[in-house]
Every structure is written in structure tokens, then in C-alpha cells.
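Below: the structure, in C-alpha cells.
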Amino acid sequence: MEYNFKSIEAKWRKHWAEQKTFKPEANSAKPKYYVLDMFPYPSGAGLHVGHPLGYIASDIYARYKRLKGFNVLHPMGYDAFGLPAEQYAIQTGQHPAITTETNISRYREQLDKIGFSFDWDREVRTCEPNYYKWTQWIFKQIFNSWYCTEEDKAKPIDSLVARFKAEGNLLIKAVSDEVASFTAKEWSAKTKKQQEEVLLSYRLAFRSETLVNWCAELGTVLANDEIKDGLSERGGHPVEQKKMMQWSLRITAYAQRLIDDLNALDWTEAIKEQQRNWIGRSQGASIRFEVVSDELALDEKLDIEVFTTRPDTIFGVSYMTLAPEHEFVARITTDDYKIAVSDYINKTKKRSERDRMSDVKTVSGQFTGAYVIHPFTGDKIPVWIGDYVLASYGTGAVMAVPAHDTRDFAFANHYNLPMLQVISGGNLPTESHDGKEGELLNSSFLNGLQVKEATATIIAKIEEKGIGKGKIQYRLRDAIFSRQRYWGEPFPIYYEEGLPKTMEDKDLPLKLPAVEKYLPTKTGEPPLARAENWKTKEGFDFETNTMPGWAGSSWYFLRYMDANNKGEFVSKEAESYWKNVDLYIGGSEHATGHLLYSRFWMKFLYDLGFVSEQEPFKKMINQGMILGRSNFVYRIKDTNKFVSHGLKDQHETTAIHVDVNMVENDVLDLEKFRSWRAEYKDAEFILEEHNYKCGAEVEKMSKSKFNVVSPDLIVEKYGADTLRMYEMFLGPLEQFKPWNTNGISGVNNFLRKFWRLFHNDKGDLCVSEEKPSIEELKILHKTIKKVQEDVEGFSFNTSVSTFMVCVNELTNQKCNKREVLEPLVLLMCSYAPHISEELWMLLGHKQGVSYQSFPIFKPSVLIESSHNYPVSFNGKMRFKVEYSLELSKEELEKQILAHEKTIHYLNGVNPKKIIIVPKKIINIVL
RNA sequence: GCUCGAGUGGUGGAAUUGGUAGACACGUCAGACUUAAAAUCUGAUGAACAUUAGUUCGUGCGGGUUCAAGUCCCGCCUCGAGUACCA
């Protein structure tokens, strides 16, 4: 029988689905292992060949872990809320749920063809009411919590109320908005409404006026990454900065824990570093400067607070800069400067924050006429405004030290402001001296100290004087949590007298209402305001915003543990068994989004005792994107003649993208090309070596470049096992690489060779029961060892090569011994599961290969070869050894000494000791 | 600018703790089988000289450590990714 992948693969897919082969055991005594892929957004375009890359890798690992005796959870689902389906709904009126459903079935169909070992009974979809019921429920918990900085954890809001009743808020240490202090008595005296307002400043989900990117045309707030050059990425509509009432989550409360706990994670340093930078911890001090301005009344006292990471340079301060939006600007600007200042503010308003950021070189600013008093020298320091200072970071004000900060330096040079060096070294006045090395000078009591000592000294002094304190500032902002969209989770919130209230658990899920149109209302309210009864239902006034895309994806990994639970988001037993994800595979583009929010939610749920781990993803592998490889034909100018790539320089040509599906190994299928488009029907070709060779270039996969390769076509032509192995063979998992079908025949050949090992020339099964030779066992053991190492180290590409070598060698040996072939099938079954199942069955096993446990081989050593190293170094000598059957240590020593080359190079010196180190090297101490 | 990663044949890529650089595959060339082609199989394939054994040079560039460097150290160059007026 020939290797007929079509019937084999169809048969086993059906078998696995029917037998529910990949359902994890309930109440298992086995150790657990949770392998998860980042779930996809089901887009209308379907899967291309790049999507399954990570899924294949995780599937290999999941199957491998099952063989190793683990109880493996390996689920899949869909991140199904999102903008494309909503946009489609706006254009066509089709409900996003229908679009989503269609796309999901297409995805499922494509996924099913690749032979993944997902447990589909646990599928989750974020847009299903049964799922988002729990997203809403978690939101409720966040809303009903506050963050206690004493215990450094989130706690139920009731505990805060109890303390307010007992002691007021004077001693409460919490992450909150600015709240006026009150006593227990004053608390009790407040009305219900006033109390609610106070609590809102403490809740971890809160409402506030926030500056957002508002796109009027789309009728929604946009995230920074949804804007390109001041226009919306989708549609190219103008975007403006606007203050809007928005829901936010107090992720900043977790900033330090989010940084600290990164250390223990087995993620790439790059991703961890990205998160650290995003959170952006800087240590420094906040310092208050007293304002002197003609505008202030005589008895009016006003301080400007600045944040600086370099309090040690305080004696070098020569001016101060406020962000143009700083709240004090209008109050302190003197009459003489009012016009200039307001002109300047108007000018900067026109430039979006993004423009300001991208245009770093232009220095601009304006003096306000006001001064502040230097707290140590008593000097009058001019106050400027400048758009290089951002209102949204720190206090929106900086103390400028031009001698030791590049930006202050540029500003001071431009406006001719004074500059004083206070730290030795550097190339002043050519450039500023930003480094933290050197000795303090011109700094009164700090003179002679090193930067580090000076920093500590000055902070102590500042605190002593009561003008500020040491402070840690984070770049991370609270996460804006509302979107003016239809296709997202409704908030379980209604309003009474303008105050938000949560719905009862029993009334969840609050389902998305039907609307006749998916656009915002004429008055600019979100689409949900169009729903009948939404604003008036039984006197309720529901929140019309919906949650952002990342809400549902911040906890989905927990739902898989117990996907069909109707009474809880996850049961205590399921959670305490599966705990968290052992291996997470997905792209690195979510470093500062999904991966950060998930960690935040997990920590929150941990604080409230709902889960037992603080981190959702223990180990993560980031697979690289698969790029497209575009093909070109070269049309000779003004003709319908096409010249092969190698000869194109002889003519004047234009390169034209051709569909890569008409090209194989860069050779164009002329017939397909002629029938591709009417204009090419009569195309003529200038060939080289009887073929038309196309040019090629690596680009992102896109429809317009005709370089999208669907996995379906590959499966159709070569089978799923070939696709799986080829995607792994392509190169290291983490690397960005172009899709290139050129090498796929090699992998396909290998699978056919593998098949032939078990069959004779006539195609009949032919497996011998004879004992294998030492040579044959060595081939097998070498392969087992190498493949195991590769899988554990995620070097899937090299283990494909290892299999190839093994099969080549066994073919050369004409080895068809059962004792060799059986373990090989087991080893192969995570990579190429269909063919392995079939062969396993042909070998006479009743139970499928997916139920087997991996044989543990302990390959021992046999001196096989040595290098020509001289003996005269370090007293150590190293030998390369290969694997064979077990040997005792004594035998091993004997073999080493008996080895011809060893004796030669030992030069008659007797070794004192032979050290057998792990892996393959033996050290001989002379 | 900063952070991280990477530079190896015609191509994708291997290379263990520093230990025979180029595994494996594609491509190319030659051969076998065929009326022929396809498919399959076998062999060759870093470069230069010698064309027989062999010799020399070779992992982005320049130094260094070492018996031994793709791998470690110092100084550069190039490319990719992320981030950016964060005080």
C-alpha cells in the first residue's frame, strides 16, 4: 500500500473527534500540564499559512507531554469581539454575531484539517453571553474593590466602608484619587450619595474625565496604536484630543508588583524588558517651588510641584518649565505675557501629542513672566512653558538643569538661558553632561560628594525642610476601559442619580440589546443608546459604553479550566488543579497589551482569593511572523511578452506581482498564468532552460500582493503531516521568516521514506521481529536523545532534521526491525500524528499511539571517537562519545584506556581520574 | 537616541560546556531506470590551487585570550524588532 495521506488523515481525524482522545482526564493523579495558544480573532480572510505556526508548535509540545505521562490541557477558542465585524455591520446592517459565527466556522474547518489535539469541548468565545457573563462578573469584583497599600493588595470595598465608619480616611493608605480627609463622624454625616462619590475615588474601576483620542467620524475613542499620522488607521478620519467621561481600571496600583514578578517568569528578556519600560519606574523626588508672580494676591501662596530623577542637580536649576496645559499657567502668567502665552498655547494645541512626540528637534517655549524661589539658594527662577514637557507625566512641570539634561540644554541654548555645571566631567558647554558619574560642585553643602551620596543627602534635606519627598514615578497610566462601540461586553452598570450601581449577579449576563443601526446616535452617544428600553428599562439607566477588546482576553485562560461551568467563572477544584498556563505560545506584539492586562487581572483575582497563582503564564515562547514571498513576472515594455527572471536585464521590463499559487519552485505555470486574467490570454514568454523563472521578494502576506498561501492548499496537496513538519522545518520558531514552498517536497519525501521503512517493494507491510544490531540501536538511541532535547528546548526545526537523518540511516541499513521502528513511531507521533497512528495500528496495536507513554531510554556511553587534542593543557582532556547500550563505570574506563587514539594522545601518562560529566563529554584528569 | 535580537555556502538553516564549521533540506550538476518524460534511486556540490593522495583560505570588519574561537573578551560596521521629549 502506498502512503495515502488523504485517507489516513481523514480517518484519524474522525477517530480522534469521536473518541475524544484529547480530553484531559478528570480527577487525574497524573501531573498537569497546560499548553495554550493565544486565541485568534476570527477575521473574514480565514487562516493563512502563518497562523498555524504557533499552534503546530504547541500541539507538538502538548502531544509530547501526554506521551511523557502528563495530563494535558490544550484548548482553543476565539477572541470574538472586535472592530472588523462591527464595521461590516455598519456597512451592511448584518449583525456582528452572524459575521463572527460565519468566520468562526471557517476557522474551525481550516484548523480541523491540520490535526490539532485540541479539546474542543472547552472552546470559548468571548462574545457568547455564557462567557461574557463572567467578564461582567469580574468587572463587578474590580468595581467593588480598593487597593490597600499597607497590605499591598486589593480588598473588598466593604472593608473600606467599615474603616471609614470606624476611623474616617486619615490613616487609610490606598491607591486613590485625591480625596479630602474626613473623620468617622464626618463620614456618617455624609449623604448616601456623597459617600458613594467618595468610594468612587477608591474603587479599582472608576469613572473620570480623561483626555482621549476621539474620532468623530467613527464615533469612538481610539487607542494610540489605532492612529497613524493624526488620522484614524481605519478610514483615515481626523482624530482630536477630547476630555470625556471614561471608565478606567487602576492598573497603576499594581505597577510595582507587575515589575517585580517578571523576574520569576520564563519569558524572553526582550518581552520582560518591554513591560518594564512600559511600566517605566523612575526613582527620584518631588519638590515644591514657591511661585512669585505679580498676578498672585499678596497673601496667596502657590507652590509648583516638580518630579525629578536628579534631585542631586538641584543647584544647577536655572529655570522651570511647565506643560502648556498645566493648571497654573493662567494663574501665574503676568499681564505683559498673557497674549504671548495664549498664542503659544493655541499653537501647541493644534499639534497633536503624536506630532509633538515625532517632532523632537524643534525647540519651542514661552516665558510666563512669573518666577519661583529656589528652595536652597533663594534665587528667583523664571517659569517658562514649553511643549517638550508633557502634562500627562509626573506633575507636568520640570525643574530645568541645562548643564545635565539634553532637552533642558537644547531649550536653554535656544532661549539663551543661564547654565551652571554642578557635576564634574563631561564636555560642557558643547553638550550636556547627563551621566550619573562625577563629583558635585557649585552646590553648597553637596560639594565634593559623589552623585549617589548627593542624591541621598539632598532627598533627606528636602524632606527635612518639608518641601517634598523621595518618590517613585511610573510611566504606566490607568487603563481606559470604555469604548463607544456596539460589539463588546456591556457593562453590568446602571445609573441612579448619576451614580453607577452594579447589577445583581442573578441578572447577569446583561445581554447586548438589538439595535437597528450600529452607528453612534446623532447626539454622539454610543450605539447602545439606540436600543429600546436600554436607557429606561424599569427606571434603570444603563451604561451605554462597552468594554474594550482586551476585557474578554484578560481571563480566558482561566475559563478553559472549567469552560462549561454555569455557576462560577471557574470551579475551585478545576482552578486548584490546573492553576495557570505552563506554556503559552503566541506573538510578541501583545507585550504591553494583552500580556500586561492578563497579569493585572490574575493578580487582582489572586488578591481576592479567587485564584491560587499570581501569574497567568509561567513560560512563554513567541513565535515569529511568517512573511509572504511574492513572485514577479517581467513584462517587456509595451508588449504582452514576458521575460524570464534571469534574462530580464536584456530588456526594459516592469515587474508584476503574480499569484504565488501559480508558481512552483519559482517556475511559472504558463497555462495557469494565461487563464488567470483575460489580458494575459495571449501572453508570450521568453524562457530560460525551458522554464519561465519568476523573481521573488519577501513582503508581508497580503491579498493585494498575491502572496497569501492558505494551509488548505498545502494539506490538499501534501497532507497535514507534511504541512506540520514543514512549518517546523522552515527555521527557528521565534524567528521571522518568509514562507517558501520550495523545500516542502523534501519533507514530503521524508514521510514517504518513513512509510517505506515499514513496507516492502510491493507495498505490503513488512516488519521483522529480529533483534536489532548494535548499529541499528545506536541510530535509534541517538535519535531519541536528540529529539527529546530538541522538543524540550523548542528547537523543532532541528528535530525534523534528526528524523530525516535517522530514516536515511535506517534505510541504508535496510532495517525493518520492530524493536527499532516502534519507538520511532512513538517519537514521531507528536510531529506527524496521522501517519504515526496509522503505522502504530499496522504494527498491530489496538490502542492508538496517542494513548502511549514514551519509553525512557537512558543512553549510556561508548567511546566512539576523540579529537586530536594534545595532552599538555590544564591536565584535562575531552572526548566526544556516542550512545550505545549501558556500560558500567568500570567498563567505561576500560574502554577509554583501550581506545587506540586515547592511548596515542595520553602518551603513556596514566589518568588519575576519569570524570563523567552529564551530556557527552568525558574529562580525563591527568 | 535607548533596549533587545541577528549577521555562517547559490538558498532556508545545523554546530553540545570553546573541541573535525557547513548537519538536514532546497537548488544545481552527473549517473541509473525509462522509447521518452514525470516519479524514484545513486553520487558530487564553501572557495582557490593540485585534479591522485593533497594544500591553502574560509562563519560581517579589526584586534585579543587559548593547544583550540562561529562560540569568550575589547573596539567597530550592517540589518531587523520594540520604544521614544517619561524630566
Side-chain angles (χ1 to χ4, degrees), chain A residues 268-274 276-278 280-282 284-286 306-311 313 320-321 323 353 356-363 386-390 392-401 404-408 410-411 434 473-477 588-589 591-592 622 624-625 629 665-666 689 696 725-726 729-732 734-750 752-753 756 785-786 789-790 793 795 797-808 811 865-874 877-880 917-921 923:
Chain A
T268 62
E269 207 40 54
I271 297 263
K272 292 202 228 178
E273 199 56 31
Q274 268 187 62
R276 283 189 202 109
N277 290 340
W278 187 260
R281 180 187 202 271
S282 15
S286 68
V306 300
F307 174 75
T308 177
T309 53
R310 298 297 304 276
T313 62
M320 175 174 283
T321 317
E353 186 151 343
R356 277 165 61 178
M357 286 181 194
S358 58
D359 182 15
V360 181
K361 280 173 201 126
T362 320
V363 176
D387 67 1
Y388 80 97
V389 178
L390 302 176
S392 48
Y393 182 74
T395 60
V398 302
M399 56 174 231
V401 186
H404 303 287
D405 182 280
T406 313
R407 294 150 308 175
D408 298 343
F411 194 87
D434 294 11
Q473 180 75 40
Y474 298 95
R475 198 185 80 111
L476 185 71
R477 324 266 167 86
S588 56
E589 65 273 16
T592 53
N622 304 109
M625 196 193 295
R629 189 169 183 279
N665 285 356
D666 284 342
E689 291 152 15
M725 293 200 94
Y726 184 60
F729 183 69
L730 219 47
E734 290 96 333
Q735 199 168 297
F736 279 59
K737 49 197 172 278
W739 176 262
N740 180 351
T741 324
N742 287 357
I744 200 164
S745 61
V747 173
N748 193 242
N749 283 344
F750 154 72
R752 293 210 298 257
K753 257 190 200 169
R756 280 202 299 272
K785 173 87 174 162
K786 184 72 168 60
E789 278 169 12
D790 285 345
S795 314
N797 56 326
T798 49
S799 42
V800 177
S801 300
T802 308
F803 281 124
M804 289 178 177
V805 173
C806 174
V807 167
N808 282 345
T811 306
S865 62
S866 72
H867 291 289
N868 303 343
Y869 315 128
V871 243
S872 59
F873 70 99
N874 292 354
M877 182 179 229
R878 310 223 283 190
F879 285 85
K880 207 171 198 175
V917 295
K919 302 210 171 167
K920 307 173 201 175
I921 304 293
N923 288 333

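Proteins get letters first, then strands, A, B, ... in listed order; numbering begins at 1 in each.
- Helical stems in RNA chain B, defined as runs of 3 or more consecutive Watson-Crick or G-U wobble pairs with donor-acceptor distances under 3.5 Å: B:1-7 with B:77-83, B:10-12 with B:24-26, B:27-32 with B:40-45, B:46-49 with B:54-57, B:60-64 with B:72-76.
- Distance noted for atom P between rC85(B) and rG80(B): 22 Å (whole Å).
- Neither OP1 nor OP2 of rA81(B) sits under 4.0 Å from any side-chain N or O of Gln735(A).
- Separating the CG atom of Asp405(A) from the P atom of rC2(B) is a distance of 15 Å, rounded to the nearest angstrom.
- Atom CZ of Arg281(A) and atom P of rU3(B) are 19 Å apart (whole Å).
- The nucleotide whose nearest atom lies closest to any side-chain atom of Ser745(A) is, among rC26(B), rU3(B), rA87(B), rC26(B).
- Residues Arg310(A) and Val401(A) form no side-chain contact, since every pair of their non-hydrogen atoms from C-beta on lies 4.5 Å or further apart.
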N/O to N/O distances under 3.5 Å, protein versus nucleotides 41-46 of chain B:
from, atom 1, to, atom 2, distance (Å)
rC41(B), OP1, Arg756(A), NH2, 3.1

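- Residues passing the ring-ring contact (aromatic ring centres under 6.0 Å, His included) test with Trp739(A), sequence neighbours excluded: Tyr726(A).
- For Gln274(A), the side-chain atoms get nearest to rG82(B) when compared with the rest of rA87(B), rC4(B), rG82(B).
- Between Asp408(A) and Ala400(A), the shortest heavy-atom contact is OD2-CA, 3.3 Å.
- Rounded to the nearest Å, the gap between the C1' atom of rC73(B) and that of rA23(B) is 29 Å.
- For the pair Phe736(A) CZ and rG80(B) P, the computed distance is 13 Å after rounding to whole Å.
- Nucleotides rC26(B) and rU40(B), compared at atom P, are 10 Å apart to the nearest Å.
- When each of rA14(B), rC4(B), rA87(B) is scored by its nearest atom to the side-chain atoms of Ala270(A), the top-ranked nucleotide is rC4(B).
- Residues Phe307(A) and Lys737(A) both approach RNA chain B. Their nearest nucleotides, taken by heavy-atom distance, put Lys737(A) toward the 5′ side.
- With rounding to whole Å, Lys786(A) atom NZ is found 6 Å from rA15(B) atom P.
- In this structure, Glu273(A) reaches the sugar-phosphate backbone alone: every heavy-atom distance under 4.0 Å involves primed, P, OP1 or OP2 atoms, never a base.
- The nearest pair of heavy atoms linking Lys737(A) to Pro732(A) is NZ-O, 2.9 Å.
- One interatomic measurement links the two molecules: CG of Asn277(A) to C1' of rC2(B), which rounds to 9 Å at whole-angstrom precision.
- One interatomic measurement links the two molecules: CD of Glu589(A) to P of rU83(B), which rounds to 11 Å at whole-angstrom precision.
- Ser282(A) has a side-chain polar atom (N or O) that falls below the 4.0 Å cut-off from OP1 or OP2 of rA87(B).
- With a glycosidic angle more than 90° from 0, rG70(B) adopts the anti conformation.
- The separation of rC24(B) from rU35(B), taken at their P atoms, amounts to 34 Å, rounded to a whole angstrom.
- Between Phe803(A) atom CZ and rC24(B) atom C1' the separation is 13 Å, expressed in whole Å.
- If you measure from atom CH2 of Trp278(A) to atom C1' of rA84(B), you get 11 Å, rounded to the nearest angstrom.
- When distances are taken from the side chain of Pro732(A) to each of rA23(B), rA87(B), rA14(B), the shortest belongs to rA14(B).
- Comparing the same atom, C1', in rG75(B) and in rU65(B) gives a spacing of 15 Å after rounding to whole Å.
- The closest side-chain heavy-atom distance from Thr313(A) to Met399(A) is below 4.5 Å.
- For the C1' atoms, the distance from rU59(B) to rG54(B) is 24 Å, rounded to whole Å.
- In this structure, Tyr388(A) and Leu390(A) have side chains that are not in contact, with every pair of non-hydrogen atoms separated by 4.5 Å or more.
- Distance check on atom P: rG10(B) versus rC61(B) gives 14 Å, rounded to whole Å.
- Remark: the separation of the C1' atoms in rG58(B) and rU8(B) is 10 Å, to the nearest Å.
- Looking at heavy-atom distances under 4.0 Å, Asn808(A) makes contact with sugar-phosphate atoms alone, never a base.
- Toward the 5′ end of RNA chain B lies the nearest nucleotide of Thr802(A), the other residue of the pair Arg752(A) and Thr802(A) mapping further downstream.
- Checked against rC24(B), rA87(B), rA14(B), the side chain of Asn797(A) finds its nearest nucleotide in rA14(B).
- Closest heavy-atom contact between Arg475(A) and Tyr393(A): CA-CE1, 3.8 Å.
- The two residues Val398(A) and Val389(A) have their closest heavy-atom pair at CG2-CG2, 3.9 Å.
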